[in-house]
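Report on the structure given below.
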2 protein chains.
Amino acid sequence: MARKISESTIRRLSLYLRFLEEFEERGIETLSSEELAGRGSTTAAQVRKDLSLFGSFGKRGLGYSVQELSATLRRLLGLDRPWRVALVGAGRIGSALFAYDDFRRRGFRIVSVLDSDPGKIGTQWGDVRIQDEARLEQVLAEEKVDIVILAVPGDAAQHVVERVVSSGVRAVLNFAPTKLHVPGQVALRDVNMSMELEALSFALAADDGPGA
Amino acid sequence: MARKISESTIRRLSLYLRFLEEFEERGIETLSSEELAGRGSTTAAQVRKDLSLFGSFGKRGLGYSVQELSATLRRLLGLDRPWRVALVGAGRIGSALFAYDDFRRRGFRIVSVLDSDPGKIGTQWGDVRIQDEARLEQVLAEEKVDIVILAVPGDAAQHVVERVVSSGVRAVLNFAPTKLHVPGQVALRDVNMSMELEALSFALAADDGPGA
DNA sequence: TTGTGTGAATCCCTTCACAGCG
DNA sequence: CGCTGTGAAGGGATTCACACAA
């Protein structure tokens, strides 16, 4: 299973799954690669190539079964099982993420929240009590955490991620605006909101010409 | 100025700028492409290639002037001027974004916040009063908004973005977990947090083998 | 006939390697 | 010398085009 699947392919698989789920709700049973691509932002050939990396799921002359394909994608993406997630950092971003419905809906259960602020430790959030970040290693082990979401300040992030990694967690989603360094076997994704804004700013500045 | 610069190049320019700013603070005056790459996650050749798309900023045998290069990058990225940002959606994500220091620090000023919830309209957030989303078009014009941040529920996002675009705004940062469609001349970036988690889930599932 | 699965062609991005300037 | 700037080579990812299965 250690095929080398590109980042963009994975992103597209997620998209396909979303579209399939929409179609599923509407009771549509069969879909062509053309239709699947049309909704998204890619081509029919790309859809077929992406899927062919994992097997042959379509029927020639007919298309794909919405039910089957969405089940397959869920399995491929690991969404056929619940994941246990810990949230480190109970600040504003942390609390927004904690309440983010889309995570729950997709099977990501935030089973513990940690923070280093004594004013927050012990506070109850829903059915989770905020724990002391000093106990990070114990909590990750006790709660059998699969994925850590980092929502700590930038200057603390590298230190925290090292503790997370040495606790054996193999997947980290980083919201701190810092480039983190982790060993190769750990999956790390960055959500860098400022950098996205900067890309927009670049586009605007390029339109206007320099210094406009 | 309408060169076709790839998305990845822009992302790296942002990174370079961050590193340069760190070095600037530490009083370092000159840097080689090697050093600039080492901090990040790319190669010296890549750094030189990226920069060469815009001009010749280095001195052979010496490297790059930290001061000059960071000023240049700021200009290229459009960070040499303030941008006026409107935030649509004053829910949890919206409020986290409103308080996000990194935006302010980089010159993105949130000059207005809008929501459709009557319970929120009129509420004061810092020096901004939440306005009625019904008045979106007027507010965008009055406040001369350059960039809109969308933090509304997924099913409202497409409708809102169409109103935003028809008001003449040319840059949108979307936090709704929905694929939006906008005309080609509008710059759109998505921050899809669930999809990032799904990429992690994929990596874990691939490690464990299917169904583990 | 329709629409998949897939080699081949193409395009784009990254890496190499080195000429040339300070 | 040291390090940039850049053509050329290499490698991935996307697109094309078509044989083939339903």
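Proteins get letters first, then strands, A, B, ... in listed order; numbering begins at 1 in each.
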Separation of C:dT4 P from A:Leu69 CG (nearest whole Å): 11 Å
Classify A:Ser8 by what it touches in the nucleic acid, base, sugar-phosphate, or nothing, heavy-atom distance under 4.0 Å. sugar-phosphate
Electrostatic pair A:Glu21-A:Arg106, nearest N-O below 4.0 angstrom: yes
Whether over 12 other heavy atoms sit under 6.0 Å from A:Arg92 CZ: no
Does A:Glu198 pair with B:Arg18 as a salt bridge, N-O distance under 4.0 Å? yes
Does the side chain of A:Gln46 pick up a donor-acceptor pair with the side chain of A:Asp50 at under 3.5 Å? yes
Mutual orientation of the aromatic rings belonging to A:Phe98 and A:Trp125 [parallel < 30°, tilted 30-60°, perpendicular > 60°]: tilted
Integer-rounded Å distance: D:dT4 C1' and B:Leu53 CG: 14 Å
Can you pull every protein N or O that's under 3.5 Å from an N or O on nucleotides 18-22 of chain C?
from: C:dG20; atom 1: N3; to: B:Arg60; atom 2: NH1; distance (Å): 3.4

Length of the line joining B:Ile10:CD1 and C:dC12:P, which is rounded to integer Å: 16 Å
Contacting residues from residues 29-38 of chain A, given that a heavy atom lies under 4.0 angstrom of DNA chain C: A:Ser32, A:Ser33
Separation of C:dT6 atom P from A:Phe54 atom CZ, nearest Å, is 14 Å
Working to the nearest 0.5 angstrom, can you tell me the gap between A:Trp83 CH2 and A:Phe103 CZ? 15.5 Å
Nearest non-hydrogen partners of A:Ala151 and A:Ile93, listed with the distance: CB-CG2, 4.2 Å
Tightest non-hydrogen contact, residues B:Ala176 and B:Ala157, listed as CB-CB, 3.7 Å
Would you please confirm or rule out a distance under 4.0 Å between OP1 or OP2 of D:dT15 and any side-chain N or O of A:Gln46? yes
Look up atom OG1 in B:Thr9 and atom NZ in B:Lys4, then write down how far apart they are to the nearest 0.5 Å. 11.5 Å
Let's see if you can work this out: which of D:dT15, C:dT6, D:dA8 has an atom nearest to the side-chain heavy atoms of B:Lys49? D:dA8
Looking at D:dG2, I'd like to know if its phosphate oxygens (OP1 or OP2) sit under 4.0 Å from a side-chain N or O belonging to B:Tyr64. no
With nearest nucleotides of DNA chain C determined for A:Phe57 and B:Arg12 from heavy-atom distances, which residue corresponds to the more 5′ nucleotide? A:Phe57
The answer to which of B:Leu51 and A:Ala45 contacts DNA chain D further toward the 5' end, by nearest nucleotide, is B:Leu51
For A:Glu7 and D:dT14, what is the distance between atoms CD and P respectively, to the nearest whole Å? 11 Å
Could you tell me how far apart A:Glu68 (CD) and C:dT4 (P) are, to the nearest whole angstrom? 14 Å
